Amino acid sequence: MGTRFDIACGRLPEAVLDLNFADAHPGLSNEQAALEADRCFYCYDAPCVEACPTDIDIPRFIKAIASDNLAGASKTILQSNILGGSCARVCPTEILCEQKCVHTAIEANHAVRIGALQRFATDWQMNQTTHPFQRAQSTGRRVAIVGAGPAGLACAHRLAMHGHDVTIFDRHEAPGGLNQYGVAAYKLADNFAQKEIDFLMSIGGIQFQGGAVLGQTITLADLRQSYHAVFLGIGLSGVRALGFENEGVEGVLDAVAFIEALRSSTLSEVPVGRRVVVIGGGNTAVDAAVQAKRLGAEEITLVYRRGPEHMSATSVEREWAQTNGVTVRFWASPHHLLTDQDAVQGICFSRGTPEGGYDPQDSFTLEADMVLKAIGQVFVPDPIQKDQILVENGRIVVDAHGRTSMPGVYAGGDCTAGEDLTVAAVRDGRDAAEAIHAELMASSVEKDANNG
């Protein structure tokens, strides 16, 4: 077994770390983008558009790229998805738009590279000095947004564009949410998340207040009194536990916290074990495993309780983990931790079968000086429990326009039911902003009529 001193910083030279966390998939060149755009059939009623949660007019923006109209291409993307740059990098396009590309029926697995073309167009826009959208005349209406992740940012931009004054509150000291703190660094390299936020907020009318915790430093009651509307994009702040009595020993960490520490620190100052075991089957598990390996861990094992076909991580993500030196084991459920002097030494798993069930007598042990838990995040209703907002099945209940059960309060993103995807959160924030705008304008007209 290992010792408690097997978790350390700076396992690799800084030059190697910089290389390991550089952009994993560099963007297309002008020539590559032109060739790829020419492959598109520019379908009418394109199935790729139907598969995009934000309904980007994909044939239109690709045709604009083919015509060397990058301003038109980027505006087509961003008017539907203001975070189109990060979505092009982090969204599983292989199971969304690209899976529906008609090329897949002709050339198996050779869809038009929609995500790469989207990145090409939005990257061009990020390098321009002018913003493609202008802020409307101020309406005098003020909206509070709690949560500076993709849903909150998309909501803020659309409201600001309509002329409303927006204040975003978030517990972090910088906006961005998962894009800034929860996604693998090599997916959003070169500080791209911050660049995109700067671009988004340059429209004006948006203020950010960090260190704001709902239910502690701010309350929903106060926000409702001070603002004309409120949008909740508070995500999933809870992390599921393994349920072991000794789970709090040194070396056992939430994968989300591990990734956040990595994204918030100098790479050489992030501690990692020599032998790391990651428990889970989603993108967070893959991101944590690969980043631990790239920090200098010698052995990485990702263990999932079911088979590969049940993993929420896509086949592309699984292959990425394995090509980065991560051993993936299936049909194994964590049974108990092995510890010594309040530090983890290993973890015992019970083997399972596709027929169901796990046999504690049929087990194996993996040595580990670091165990990363990535077994799911949950919504924590505590900050809104006193406010009588309807919560069902662990999520805030909203209607088709993002309205909660409380008048004037909207919600979207991971804290509501639906796909836990960045692009879906952007859609929720955008659509809620339109509903908030319509409601504010209707109340303004009614007020003017009453005063008249």
Side-chain angles (χ1 to χ4, degrees), residues 54-55 79-82 131 133-170 175 200-201 203-209 212 214-215 217-235 381 383-392 395-413 415-418 424-452:
T54 53
D55 302 313
Q79 65 189 4
S80 293
N81 182 345
I82 193 61
H131 201 287
F133 308 106
Q134 292 187 340
R135 177 168 159 79
Q137 184 177 353
S138 177
T139 64
R141 295 293 187 268
R142 302 171 66 240
V143 181
I145 293 177
V146 185
L153 290 170
C155 186
H157 182 271
R158 187 57 62 101
L159 287 169
M161 194 167 71
H162 283 310
H164 306 299
D165 295 318
V166 180
T167 302
I168 307 176
F169 299 89
D170 195 272
L200 180 152
M201 297 185 74
I203 194 170
I206 305 172
Q207 294 183 330
F208 174 76
Q209 184 175 321
L214 188 63
T217 63
I218 56 173
T219 67
L220 188 53
D222 289 341
L223 294 177
R224 291 185 72 213
Q225 189 171 5
S226 303
Y227 293 85
H228 296 94
V230 178
F231 176 80
L232 302 175
I234 51 181
I384 62 169
Q385 276 186 331
K386 296 179 181 179
D387 301 295
Q388 298 179 332
I389 289 181
L390 184 60
V391 175
E392 289 182 354
R395 305 289 177 103
I396 297 174
V397 176
V398 295
D399 66 11
H401 302 286
R403 299 186 188 94
T404 71
S405 59
M406 179 173 286
V409 179
Y410 295 71
C415 65
T416 60
V426 172
R427 174 203 61 208
D428 290 352
R430 177 201 67 191
D431 293 353
E434 293 293 354
I436 292 170
H437 171 64
E439 182 174 316
L440 293 179
M441 291 300 93
S443 64
S444 178
V445 170
E446 182 179 348
K447 183 178 180 180
D448 290 344
N450 291 336
N451 291 337

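Given the structure is predicted, the values throughout are model-derived calculations rather than measurements. For this chain, numbers begin at 1 and follow the sequence in order.
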Answer whether the closest heavy-atom distance between the side chains of [X] and [Y] falls below 4.5 Å.
| X | Y | result |
| --- | --- | --- |
| Ile384 | Ile396 | yes |
| Asp170 | Phe208 | yes |
| Val230 | Leu220 | yes |
| Met441 | His164 | yes |
| Glu439 | Arg403 | yes |
| Gln207 | Ile168 | no |

How many angstroms lie between atom [atom1] of [X] and atom [atom2] of [Y], to the nearest 0.5 angstrom?
| X | Y | atom1 | atom2 | answer |
| --- | --- | --- | --- | --- |
| Gln388 | Ser405 | CD | OG | 8.5 Å |
| Leu153 | Arg430 | CG | CZ | 15.0 Å |
| Cys415 | Ile234 | SG | CD1 | 5.0 Å |
| His228 | Asp165 | NE2 | CG | 10.0 Å |
| Phe231 | Thr404 | CZ | OG1 | 10.5 Å |
| Thr217 | Gln209 | OG1 | CD | 7.0 Å |

Smallest separation among heavy atoms of His157 and Leu200, with atom names: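 Heavy atoms only, the tightest pair is CD2-O, 3.3 Å.
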Derivation of the side-chain contact (heavy atoms from CB on, under 4.5 Å) call for His401 and Glu434: CA-CA 8 Å; His401 302 286; Glu434 293 293 354; over 6 Å; no
His437 and His162 aromatic ring geometry - parallel, tilted or perpendicular at 30°/60° bounds: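 Correct class here is parallel.
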Whether Tyr227 and Phe169 hold their rings parallel, tilted or perpendicular, with breakpoints at 30° and 60°: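 Perpendicular: the ring planes of Tyr227 and Phe169 meet at over 60°.
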Single hit among Val426, Ile145, Ile82 for side chain to side chain contact (heavy atoms under 4.5 Å, CB included) with Cys155: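 Exactly one candidate clears the test, Ile145.
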Full working for side-chain contact (heavy atoms from CB on, under 4.5 Å) between Leu232 and Thr416: CA-CA 10 Å; Leu232 302 175; Thr416 60; over 6 Å; no
Chi angles and distances behind the side-chain contact (heavy atoms from CB on, under 4.5 Å) call for Arg224, Thr219: CA-CA 9 Å; Arg224 291 185 72 213; Thr219 67; over 6 Å; no
Gln385 atom CD, neighbour heavy-atom count above 12 within 6.0 Å: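 It does: Gln385 CD has more than 12 such atoms within range.
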Step-by-step side-chain contact (heavy atoms from CB on, under 4.5 Å) determination, Leu159 to Ile436: CA-CA 8 Å; Leu159 287 169; Ile436 292 170; 3.8 Å; yes
